[in-house]
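To keep things clear, I will list the structure first and then write my remarks on it.
Numbers for residues simply follow the sequence, beginning at 1.
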Amino acid sequence: MLSRRFAVLASSFGVALSVAAGVAAPAVWAAPDQQVEILFSVDGKRTWSNDVTTTPGGEVTVRVWYNNLTNGTISGVQAQTSILPNFTLKSGTTKVCLSPATKYPSAPGAEEKCNEQPVDESAVWGLVGPGGRTLGISPTAGLYGQASNQTSGPLAMGKKRYINLHQCAYYYGPGADLYTAANDGQVGTVFDAGTNVGNTADTAKNCGSGDVNYPLNDVNSGYKSLDLLGNQFLNLHQCAYYYGAGADLYTTVNDAPVGAAFDAGTNVGNTADTAKKCGSGDANYTFSDVNSGLKSLDTADSARGRGFIEFKMSAPTETNDYTHEAKLNGTSATPASGIVRVRPNDSGWGDWWLG
């Protein structure tokens with residue numbers, strides 16, 4: 001008799017993001033349910049601040065950070081920001097990224113997933129006023145299978161990074177019986193499988209040792225770490241194979257080390273599978289359709305909802321202080337802002353030699 005239980009956190013996406021021109025904000029999250037920050041880098045993204053100084057014509061990288069702390073979907077979200085007059089957008093630099101490990105925008109985490117297709121800047125950047133430009137873009141454009149030209153859409157709430165799926169097989173020789181588990185067993189920890197969710201990928205299978213009748217069958221046991229970052233669906237395939245002579249039902253939910261004939265098509269992606277995908281079995285263990293199936297689980301949850309929209313701009317020749325604002329429209333986030341100061345490139349020697 002076979003048993004299997006799976007637990008996957010499920011939820012959804014949503015929210016609205018916006019940026020324009022306004023007043024200075026602290027470099028930490030400030031709002032109760034959604035938070036926003038705008039930061040700049042003038043040294044090739046090595047350091048970040050909401051108050052920077054650059055030289056005329058200098059390159060400035062802009063990031064509008066968001067953090068969605070809610071458990072529900074907020075729809076119709078648009079990230080909107082303005083490049084002030086005399087600043088120039090650097091073509092092809094706009095991108096949309098998830099960064100769920102970041103705690104403080106001034107010290108970004110290494111975990112990052114950005115749009116897979118280049119952002120269609122002709123669709124998301126418009127002109128406003130003499131020399132200024134406005135960005136209006138979905139904060140998930142180019143992510144989760146969405147088009148990269150979307151001007152509004154959902155704001156991702158975040159989720160765990162990995163589902164570590166363990167498949168453990170136990171073999172009873174006298175009865176030629178294979179018993180498969182992909183979760184904690186119903187008959188004791190000796191048949192437990194270490195399936196889990198977490199932010200690190202497992203590096204070895206985790207299976208109970210079995211007992212004297214059903215010891216662990218290593219060749220039919222294994223694990224798969226499914227990376228959920230930027231992927232919305234876990235497509236979980238269960239495949240069963242029947243051995244008539246031994247009245248044995250062999251079930252797999254993962255690729256079987258013994259060969260592709262017993263592989264199950266479990267995967268992650270941005271669309272829900274609509275049909276089960278199973279190997280054909282072999283002469284002894286033929287495919288058992290009635291004991292096979294498919295469940296596509298939406299794995300979104302609100303655990304880690306951080307990300308940013310980035311672009312680069314060139315500073316004007318005029319020396320001045322320029323304020324840029326960021327806000328999340330339709331949310332409780334308090335607007336934030338930052339300052340780019342343009343100053344001459346003075347070496348400090350001045351005209352001392354003229355006397």
Partner set under ring-ring contact (aromatic ring centres under 6.0 Å, His included) for Tyr172, not counting sequence neighbours: Tyr214

Expected output: side-chain Glu310 to main-chain Thr61 donor-acceptor under 3.5 Å: no

Under 3.5 Å donor-acceptor, Gln117 side chain and Ala147 backbone: no

Qualifying residues under salt bridge (charged side-chain N to carboxylate O under 4.0 Å, His left out), relative to Asp289, sequence neighbours excluded: Lys276

Which atom of Thr93 lies closest to which atom of Lys312, heavy atoms considered: OG1-N, 3.0 Å

Non-hydrogen atoms of Phe40 and Ile339 that approach each other most closely: CE1-N, 3.7 Å

Contacts of type side-chain hydrogen bond (donor to acceptor under 3.5 Å, both in side chains), residue Ser122, not counting sequence neighbours: Asp120

Residue list, ring-ring contact (aromatic ring centres under 6.0 Å, His included) with Tyr322, at least two apart or on another chain: Phe87

For Glu116, all residues meeting salt bridge (charged side-chain N to carboxylate O under 4.0 Å, His left out), sequence neighbours excluded: Lys113

Separation between CG of Leu294 and OG1 of Thr274, rounded to the nearest 0.5 Å: 8.0 Å

Set of ring-ring contact (aromatic ring centres under 6.0 Å, His included) partners for Trp48, sequence neighbours left out: none

Inter-residue atom distance Arg341.CZ - Thr54.OG1, 0.5 Å rounding: 13.0 Å

Minimum side-chain heavy-atom gap Phe191-Asp211 below 4.5 Å: yes

Counterpart residues, salt bridge (charged side-chain N to carboxylate O under 4.0 Å, His left out), relative to Lys90 (two or more places apart): Glu59

Any residue meeting side-chain hydrogen bond (donor to acceptor under 3.5 Å, both in side chains) with Ser41, in chain and number order, not counting sequence neighbours: Asp43

CE on Met313 to CG on Leu84, rounded to 0.5 Å: 7.0 Å

Listed once per pair and sorted, the ring pair (Phe, Tyr, Trp, His ring centres under 6.0 Å) pairs that draw on residues 259-281, sequence neighbours left out: Tyr241-Phe262, Tyr250-Phe262

Option among Asp202, Asn206, Leu165, Val253 that satisfies the side-chain contact (heavy atoms from CB on, under 4.5 Å) test with Thr195: Leu165

Minimum-distance pair of heavy atoms, taken over all atoms of Thr334 and Val36: O-CG1, 3.5 Å

Any residue meeting side-chain hydrogen bond (donor to acceptor under 3.5 Å, both in side chains) with Asn199, in chain and number order, not counting sequence neighbours: Arg304

From OG1 (Thr102) to CD (Glu111), nearest 0.5 Å: 8.5 Å

Rounded distance (nearest 0.5 Å) linking atom OG of Ser280 with atom CG of Asp263: 10.0 Å

For Phe308, ring-ring contact (aromatic ring centres under 6.0 Å, His included) partners two or more places apart: Trp65

Verify same cluster id: Tyr223, Leu216 (apolar side-chain graph, 4.5 Å): no

Interatomic distance, Leu39 atom CG to Ser49 atom OG [nearest 0.5 angstrom]: 7.0 Å

Ser221 side chain to Ala169 backbone, donor-acceptor under 3.5 Å: yes

Residues which pass salt bridge (charged side-chain N to carboxylate O under 4.0 Å, His left out) with Asp227, listed by chain and number, not counting sequence neighbours: Arg161

